[in-house]
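All heavy atoms count here, side chains included; hydrogens, waters and symmetry mates do not. Here is the naming used below: chain letters follow the sequence lines, and residue numbers restart at 1 for every chain.
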Number of protein chains: 2
Amino acid sequence: MKKVSLKDIAAAVGVSTALVSYVLNNKKEGRISKAVTEKIRAAAIAMNYRTNQIARSLKTNKTNTIGLILADIANPFSAALARVIEDAADKYNYTVIFGSSDENPEKYRKILDALINRQADGLILSPPEHAEAQVKDLQQQQIPFVLIDRYFPGIDTSYVVLDNYKASFEATAHLIAAGYKRIGMINYASSLFHLQERSRGYQAALTNNKISVKKNYLQLVHASNIKEETEAAVENFLSGPAPVEALLFGSNIIAMHAVKYINHKKLKVPADIALVCFDETDAFDLFYAPLTCIKQPVKKMGELAVELLLENIKDSHVKIKQLTLDGELIVRASTI
Amino acid sequence: MKKVSLKDIAAAVGVSTALVSYVLNNKKEGRISKAVTEKIRAAAIAMNYRTNQIARSLKTNKTNTIGLILADIANPFSAALARVIEDAADKYNYTVIFGSSDENPEKYRKILDALINRQADGLILSPPEHAEAQVKDLQQQQIPFVLIDRYFPGIDTSYVVLDNYKASFEATAHLIAAGYKRIGMINYASSLFHLQERSRGYQAALTNNKISVKKNYLQLVHASNIKEETEAAVENFLSGPAPVEALLFGSNIIAMHAVKYINHKKLKVPADIALVCFDETDAFDLFYAPLTCIKQPVKKMGELAVELLLENIKDSHVKIKQLTLDGELIVRASTI
DNA sequence: CTGAAAGCGCTTACAG
DNA sequence: CTGAAAGCGCTTACAG
């Protein structure tokens with residue numbers, strides 16, 4: 001069964017395709033006779049006509065499509081972002097095409113290519129490490145895009161991110177204020193700026209409070225081997241003459257593995273060890289000591305990213321906007 | 001900066017666009033002189049040419065795109081499915097466009113329309129209640145699609161789903177075998193077949209074991225008011241002369257609310273009450289009594305759905321396939 | 001080995 | 001108020 005086209009309707013009604021197009025798109029309203037308008041509309045419905053967006057896109061050079069690349073759609077943080085972006089895009093009649101990079105530059109580039117080839121009108125991206133060149137490429141090609149969650153400080157692009165330094169600083173300060181002195185952090189070993197900011201905020205809070213920053217109090221783990229390295233890090237923190245009293249985790253995934261291990265070691269939270277983590281997950285809601293965490297303004301991040309992007313799509317000469325949003329420290333039982 | 005087209009390359013090299021197309025698509029290999037081939041490839045790279053998929057799609061009538069509608073991408077079960085489908089699609093060079101229906105028929109229809117207008121080659125769908133007519137429509141329009149997670153028993157379509165009856169039966173039987181007699185279930189009040197199957201499996205397991213099915217032992221809650229109604233249901237189960245000894249939950253969301261409430265009431269699991277739930281979420285990993293649950297074969301479901309769909313896209317006369325997969329009961333501390 | 005040409009289904013400036 | 005026509009960027013059957 002062949003799909004019905006404008007031409008079919010035009011033939012059925014006995015007018016030109018131009019007229020059908022005008023009527024169905026509500027162009028030239030009032031300048032087309034009512035009788036013809038009605039007939040065309042009726043025929044379109046009767047024949048179950050649906051616009052071929054591909055054809056329209058080719059002509060108009062607009063697809064009404066936003067390409068989205070996140071780290072991993074199965075991660076609650078990414079999924080929440082995807083959801084918000086989907087809803088925001090829908091409000092403006094845009095559809096989302098997505099892909100998960102898995103923090104892998106090769107994969108990222110592959111998805112990026114696919115999105116560009118599909119003529120996405122704009123892109124919302126969480127680039128992985130080593131993607132600087134590709135971001136610059138995008139700029140050069142004048143493809144509208146907004147970075148989300150992370151950015152490259154050396155490259156002047158629009159972005160919407162958390163103030164990771166501040167969030168980390170505040171979380172650490174909270175631990176200090178609660179009386180903890182030996183505070184460790186487990187973070188990703190990554191060149192990504194937003195992750196480094198988390199480490200930097202942690203360290204600054206310590207020095208700021210005249211607590212010497214012991215070098216081995218910041219342990220870095222690789223995403224590729226996250227469980228083993230996180231467990232080793234926890235082990236490290238707990239052994240030795242001056243075990244840590246509190247821990248800050250650089251992400252929900254790290255926290256998950258660490259808490260499971262801490263649980264397994266029969267340590268009591270917060271009596272034996274206090275805990276704070278980045279990201280909110282309901283994974284911790286049922287833990288006997290729900291984790292104090294840094295809640296990211298996911299809704300706002302997603303909505304702003306879409307808005308910035310659409311401004312950019314509309315007018316390519318719009319100024320670059322860089323938005324750094326505040327996190328919110330949600331204090332719960334793990335640090336009281 | 002205008003995007004470069006085949007024409008531009010043709011002009012630069014001094015050949016026809018046809019030739020450029022052949023070379024770049026590796027058609028007519030060996031039948032084009034090596035010199036020209038090289039020149040064209042070099043120019044394409046030098047000019048940073050990228051295929052305009054929209055134009056290609058218009059001509060070939062293929063977009064290499066799969067439309068995906070799930071209930072809510074922010075729900076871990078949906079997110080996991082989305083991820084698997086994305087990966088499977090990618091293997092075959094397909095890209096995914098998605099939307100969340102929120103179990104809302106209007107929203108579902110809107111997303112469906114958008115996906116069809118965008119000429120998705122095929123669709124993977126989790127239809128909400130009352131979407132029968134739209135499913136039939138799809139069949140009539142001969143649009144390739146595969147249902148996932150749920151289907152309408154009255155309509156003969158391809159699908160990949162869990163054997164919900166069996167899973168629920170086994171979960172209940174497990175509770176019975178563990179010695180529980182007064183077993184309740186909280187499920188969604190929904191006309192969706194897969195959810196009703198869960199209730200049916202529960203009831204069958206009881207009667208099968210000569211346990212009378214007390215009517216109020218199956219409590220139904222509405223998704224729109226899930227927290228309140230779930231808490232009321234739990235309250236109901238616990239009050240009265242014969243409080244329930246064990247509970248089966250029809251979904252991860254229901255379980256989440258119920259467990260929080262049970263926790264809040266200071267009941268001990270499983271001493272005071274044993275628990276089993278559908279779906280696996282790491283939300284329960286940190287609970288002191290990790291929940292026994294029915295694990296859905298998400299990976300397999302997603303992969304099979306993509307494979308069925310692609311068969312269908314390739315050959316529209318391919319037979320309808322209906323796959324019902326087994327869940328796996330993962331026994332953990334909540335029922336021991 | 002290569003090219004001219006038609007056509008996918010739309011939109012839209014132009015003409016009447 | 002309406003239509004003829006060009007063209008978006010590709011692919012591909014056909015001809016030479």
Any donor-acceptor N/O pair, B/T51 side chain to B/Q53 backbone, under 3.5 Å: no
Sugar-phosphate only, base, or nothing, as touched by A/N25 at under 4.0 Å among non-hydrogen atoms: sugar-phosphate
First of A/K27 and B/A55 reached from the 5' end of DNA chain C, by closest nucleotide: B/A55
First encountered from the 5' end of DNA chain C, between B/L58 and B/S16: B/S16
Ring geometry between A/Y151 and A/Y159 (parallel below 30°, tilted from 30 to 60°, perpendicular above 60°): parallel
A/E86 side-chain N/O to B/S100 backbone N/O, donor-acceptor pair under 3.5 Å: yes
Salt bridge (charged side-chain N to carboxylate O under 4.0 Å, His left out) evaluation trace for A/D87 with B/K107: CA-CA 11 Å; A/D87 286 349; B/K107 223 178 149 201; 3.7 Å; yes
Closest-nucleotide 5' rank along DNA chain D - winner of B/R50 and A/S33: A/S33
DNA chain D: 5'-most and 3'-most nucleotides touching chain A, 4.0 angstrom heavy-atom criterion: D/dC1 to D/dG9
B/R109 CZ: over 12 foreign heavy atoms closer than 6.0 Å: no
Sugar-phosphate only, base, or nothing, as touched by B/T60 at under 4.0 Å among non-hydrogen atoms: sugar-phosphate
Counterpart base for C/dT2, defined by Watson-Crick or G-U wobble contacts under 3.5 Å: D/dA15
Backbone of B/A74 reached by a side-chain donor or acceptor of B/D72 within 3.5 Å: yes
Sugar-phosphate only, base, or nothing, as touched by B/R31 at under 4.0 Å among non-hydrogen atoms: base
